[in-house]
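What follows is a short report on a single structure.
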Amino acid sequence: MADPLDLDDDLSYTPQAGGLAARAQSAARSNAAYLDGLNPEQRRAVEVIDGPVLVLAGAGTGKTRVLTTRIAHIIATGSAYPSQILAVTFTNKASREMKERIGHMLGQVAEGMPWLGTFHAIGTKILRRHAELVGLKSDFTILDTDDQIRLMRQVIRAEDIDEKRWPARALASFIDGWKNRGLTPDKVPAGEASAFANGKGGKLYTLYQERLKQLNAADFGDLLLENLRLFREHPDVLQAYQERFKYMLVDEYQDTNVAQYLWLRLLAQGRRNVACVGDDDQSIYGWRGAEVDNILRFEKDFPGAVVVRLERNYRSTGHILATAGKLIAHNQGRLGKTLFTDDEEGEKPTLTGAWDSEEEARLIGEEIEALQHKGHSLADMAILVRISAQMREIEDRFVTLGLPYRVIGGPRFYERAEIRDALAYLRVVANPTDDLAFERIVNVPKRGLGDATIEQVHLYARKAQIPMLEAVRRLIETDELKPKPRGALRELALSFGRWSTLIETMKQGELAEQILEESGYTDMWQKERTADSAGRLENLKELVRSMDEFPDLGAFLEHVSLVMEMTDNDTAERVSIMTLHGAKGLEFDTVFLPGWEEGLFPNQRALDESGRAGLEEERRLAYVGITRARRRAKLYFASNRRIHGMWNATTPSRFIDELPPEHVEIIDAPAGFGGHGGYGRSRFDQGGFGGSSYSTPGWQRAQTQAQPKAQPATRKGPMLIEGELVAKSTGTASNFNEGERVFHIKFGYGAVASVDGNKLTIDFEKAGRKMVLENFVERG
DNA sequence: ATTTACGCATTTTTT
DNA sequence: ATGCGTAAAT
């Protein structure tokens, strides 16, 4: 790129026949079919393209449709070329979805939207063009969280600070917070800068930034922060982008942090054609820097802004919306929306009290099986929990029941250790100066290189101002190293040399395979026969497979650093388990919401740390949870829950008391059918307990109205006695024999201790003795 | 240098 | 309860 500021390079181009713009224009002429089926508010949100617009889009009101149609409209009316529209999202998923839908709408893939992407992807794109202006080279590497923390640890050590008292993790969160707020080291308020490491916080931040520049690297926060610096220090650059972006669109505006807000505001100061779409009631990321205020003060920032409220809900039934609406009405400081629907009232959301969390899991399992037998698809059901720790009991229950489930969230593909290790090898091959990657794998698999040796290399590298790999090459020619490490390092350096030459001739997937093989990395996992080693090897294979979809190794690595996920096309029939945060933007016919207890939900920590604001965010989380449901929302609370391995008595969530009794059905939990008197008896039978909210008039009324439900005849689940399976034995002989070695996806390897029908008792090497259904194990 | 043992904390998660 | 990370033992 000769002149990075020559942004208009692709603007002089005439739309080709059949190109995106041409097709769109013809669509517009022919009568704008894309506008059909929009309700009046949606239409307004689409058609008012000039000037600032704030679209308050409630849950399920067609937000994405409005965004994509708006883009199509801008293109179709010839108001701008696709390359002049900036459209930012938070997640790759959202931007992928938008790309797809726009392409659909305009009849082809939206290759023509170069500026549709996440904040970070677009920030990266801009930064690479002007890297020199902020002290980077355009091929700078993007650090992941691991790299970031390792680098900070080095900085902390170099400053001779006690790592115990001031862990790198904590510094990382400080720096992250500053970057989220758009604060460069010099702008950090003195008070905050000195809160870390006896006043050294600010200095550490400065040093960390210096190290990043030395390494020609940027962390996630920098991708935006350096943009800000770029725009502020180089008005000509800013102006070029202001002119380029005729129209700007922002998705999930309620989730923007200060840095993103400042970035947008700088760009929007040009033409002021900025449309922000969001829902203040769904702001649930305050804890990572999102500022609901951004959306609340939009009209002040952009005087004369058109505000459109989307309140017609196309997702949920009446009772569900009424329940969610009543709950969220308890929040103050909202812009205020009331969702409505033309849909039927539907089933009332249900509330079930369980004796303990185990019973809660059991009840959910039974309900799912009952629905399944009525013909409902497991893929249309989800369990939404407040914290990940709640998943375990539910998973355990599902494993026992043989109910297929999938956990959404959890460690993502590119965050898995084995993937990061493999990537580190590739990074070093692609870029021998990537010290952080080199350090990550220098002793993985174990090569007998310890801290002492690494430190030696470090020292040498720093003295000679060369990358570590180069330092290794020189060191092995001297006799400064002990023979053993010297041999290991020589071997490694030779390998990297060899691999580097292959990069030209070999497809990256093949190369990766060879590297993993020759480095002994795959061997390492093959030798480790634990429950997940097989999965790890499978992940590595998947990685290699996916690599060849990219033109070259560099393109692949760039993708990986920005897109920390892998598109999985697992369409198998399973129930989803995820956190409430992870559920945002999704919808299901049936949603299970366990754990509505004080302390858990609202979460005590959120309350302690953020007070009323924390409570309101928790309430929004509850709102998000309920509004995920299309037809059925099922709330649960338990009177006893195991927390950190200890049983605690709990009280029902205050949110339960905020629900409208007339829209909620109270389910009398079936008493334990194992014969324990009162076991599993609903708390409602005991009247107001523990000073909880159950003495309020509304709920007393609700309780008396509650139909004591008969033991559901539809319950098709296996018979249970104290949670043990009694009726699922098929009587048929098992495929497994005593003493046989087996593998279980969750518990790993073990030996069959006894066989009972299709149930096996297995002594697992790691997990101990468990009883599992035989279809969950395979011969090991 | 690597293995084992003990102490400690433990919401939510994207890029 | 459980895992993770650092400290002592091999």
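Throughout, a chain's letter reflects where its sequence line sits, starting with A, and its residues are numbered from 1.
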Which of these nucleotides, [options], is closest to any side-chain atom of [X]?
{"X": "A:W287", "options": "B:dT11, C:dA7, B:dT13", "result": "B:dT13"}
{"X": "A:E609", "options": "C:dT6, B:dT13, B:dT11", "result": "B:dT11"}
{"X": "A:R605", "options": "B:dT15, B:dT12, B:dT10", "result": "B:dT10"}
{"X": "A:K446", "options": "B:dT2, B:dT15, B:dT11", "result": "B:dT2"}
{"X": "A:R392", "options": "C:dT2, B:dT11, B:dT15", "result": "C:dT2"}
{"X": "A:N603", "options": "B:dA1, B:dT11, B:dT15", "result": "B:dT11"}

Describe the nucleic acid contact of [X] in one word from base, sugar-phosphate, nothing, applying a heavy-atom distance below 4.0 Å.
{"X": "A:K484", "value": "nothing"}
{"X": "A:R642", "value": "nothing"}
{"X": "A:D255", "value": "nothing"}
{"X": "A:E415", "value": "base"}
{"X": "A:D144", "value": "nothing"}
{"X": "A:S561", "value": "nothing"}
{"X": "A:F220", "value": "base"}

[atom1] of [X] versus [atom2] of [N]: gap in Å, rounded?
{"X": "A:L615", "N": "B:dT12", "atom1": "CG", "atom2": "P", "answer": "19 Å"}
{"X": "A:K164", "N": "C:dG5", "atom1": "NZ", "atom2": "C1'", "answer": "9 Å"}
{"X": "A:K527", "N": "B:dT2", "atom1": "NZ", "atom2": "P", "answer": "14 Å"}
{"X": "A:N648", "N": "B:dT10", "atom1": "CG", "atom2": "C1'", "answer": "13 Å"}
{"X": "A:D451", "N": "C:dA7", "atom1": "CG", "atom2": "P", "answer": "12 Å"}
{"X": "A:L449", "N": "B:dT2", "atom1": "CG", "atom2": "P", "answer": "7 Å"}
{"X": "A:H644", "N": "C:dC4", "atom1": "NE2", "atom2": "P", "answer": "16 Å"}
{"X": "A:R165", "N": "B:dG7", "atom1": "CZ", "atom2": "P", "answer": "21 Å"}

Indicate whether OP1 or OP2 belonging to [N] is found under 4.0 Å from a side-chain N or O atom of [X].
{"X": "A:T145", "N": "B:dT15", "result": "no"}
{"X": "A:N257", "N": "B:dT15", "result": "no"}
{"X": "A:S388", "N": "B:dT11", "result": "no"}

Exercise. Taking the six-membered ring of A:F140, is NZ or CZ of A:R128 closer than 6.0 Å to its centre and within 45° of its axis?
Worked result: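 Yes, cation above the ring, under 6.0 Å and within 45°.
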With under 30° as parallel and over 60° as perpendicular, where do the rings of [X] and [Y] fit, or are they tilted in between?
{"X": "A:F174", "Y": "A:W178", "answer": "tilted"}
{"X": "A:H581", "Y": "A:Y285", "answer": "tilted"}
{"X": "A:F231", "Y": "A:Y241", "answer": "tilted"}

For this session: Would you kindly compare A:M391 and A:G450 by the position of their nearest DNA chain B nucleotide and give the one closer to the 5′ end?
Result: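 It is A:G450 whose nearest nucleotide is closer to the 5' end.
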Seminar exercise, completed: Sorted by position of nearest nucleotide on DNA chain B, 5' first, the leading residue of A:T453 and A:M564 is A:T453
Exercise. Would A:W263 and A:Y261 count as a ring-ring contact (aromatic ring centres under 6.0 Å, His included) if you check the C-alpha gap in whole Å, the side-chain angles of each, and the deciding distance to 0.1 Å?
Worked result: CA-CA 5 Å; A:W263 186 84; A:Y261 165 80; over 10 Å; no
For this session: Using both distances under 3.5 Å as the test, list the Watson-Crick or G-U wobble partner of B:dT12, or none.
Result: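 The answer is none; no pair meets the criterion.
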Problem set entry | Under 3.5 Å on both distances, the Watson-Crick or G-U partner of C:dT6 |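 Paired with B:dA5.
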Problem set entry | Nearest heavy atoms of A:A259 and A:K179, plus distance in Å |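 Looking at all heavy atoms of both residues, the closest pair is CB-O, 3.4 Å.
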Problem set entry | Test item: side-chain donor near acceptor, A:N294 and A:T256, under 3.5 Å |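 Indeed, the side chains of A:N294 and A:T256 share at least one donor-acceptor pair under 3.5 Å.
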